[in-house]
Amino acid sequence: FAFLPHARGHMKRDMSIKNSPPVTIVVEGQRDAQVLRGLLDDSQLKGTRFFAAQGNLSIGSLARNILVHEGSSVVVAVDADGAPGKVESEQSSALGSVAPTERYSVVVFEPSLDDIMASVGLGPNEVISDEKKHLLRAHPQVDNFLKRLAHFQPSCEPDPQPSVVQSGAC
């Protein structure tokens, strides 16, 4: 239950971001999902789902379906493939046709996520060590992704309405 009755037996419905559906990250492939998941702290992983679209062409379609049918906020993380402006414009246009910009974000990796991993010495199938996690998180492109993701995640600040008991990510 997201809300439990408290005090006088009535329930309040809180529509704040703390009670919104989880954040969904849509990426091109499984390895992208593994790497980005490995960069998140436990608190960031709560309420965060990953979907691998298995290719750049289906990312927009998958992300649109999640926005429309599940109500989740969506972060699309995609490689630029040599045309960062074009890729971002295409993905934003596809998502903007079904949802306001407050519900989604497009992060374009230029250089590619594979190139960023290689720059810190992370092999294609290597598990991310704490040292490499720190190096990856310091990369400007990864930092941008983490900041955009944080925009959609609940903050764990105390609830100003103590009469409402919530169960959530915090």
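One is the number of the first residue; the rest follow in order along the sequence. Because the structure is predicted, anything quoted here is derived from the model rather than measured.
The shortest distance between side-chain heavy atoms of L149 and I25 falls below 4.5 Å. V78 places none of its side-chain heavy atoms less than 4.5 Å from the side chain of V107. By the 4.5 Å heavy-atom criterion applied to side chains, L40 and L146 are counted as neighbours.
For D143, the side chain to side chain contact (heavy atoms under 4.5 Å, CB included) partners are K147, not counting sequence neighbours.
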(message) If you apply the rule side chain to side chain contact (heavy atoms under 4.5 Å, CB included), what do you find for V98 with R103, and how did you get there?
(response) CA-CA 10 Å; V98 297; R103 298 248 336 273; over 6 Å; no
(request) Kindly determine whether V120 and H134 satisfy side chain to side chain contact (heavy atoms under 4.5 Å, CB included), including the steps that lead there. (result) CA-CA 10 Å; V120 299; H134 178 72; over 6 Å; no
(message) Pair L36, F145 - check side chain to side chain contact (heavy atoms under 4.5 Å, CB included), show working.
(response) CA-CA 9 Å; L36 294 178; F145 164 77; 3.9 Å; yes
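Between R137 and D41 there is a salt bridge, since a side-chain N of the basic residue sits under 4.0 Å from a carboxylate O of the acidic one.
Sorted by first then second residue, the side chain to side chain donor-acceptor pair (under 3.5 Å) pairs that include residues 116-130, not counting sequence neighbours, are E126-K132.
Not a single donor-acceptor pair under 3.5 Å links the side chain of Q44 to the backbone N or O of A150. When atom types are taken as modelled, the side chain of S73 and the backbone of V23 share no donor-acceptor pair closer than 3.5 angstrom.
For the residue pair R49 / T24, a side-chain donor-acceptor distance below 3.5 Å is found, with atom types taken as modelled.
With respect to L113, the side chain to side chain contact (heavy atoms under 4.5 Å, CB included) criterion is satisfied by exactly one of V27, D32, L136: D32.
Taking CG from D79 and CD from E28, the interatomic distance works out to 4.5 Å, rounded to the nearest 0.5 Å. In this structure, CG in N65 is found 10.5 Å from CZ in F51, a value given to the nearest 0.5 Å.
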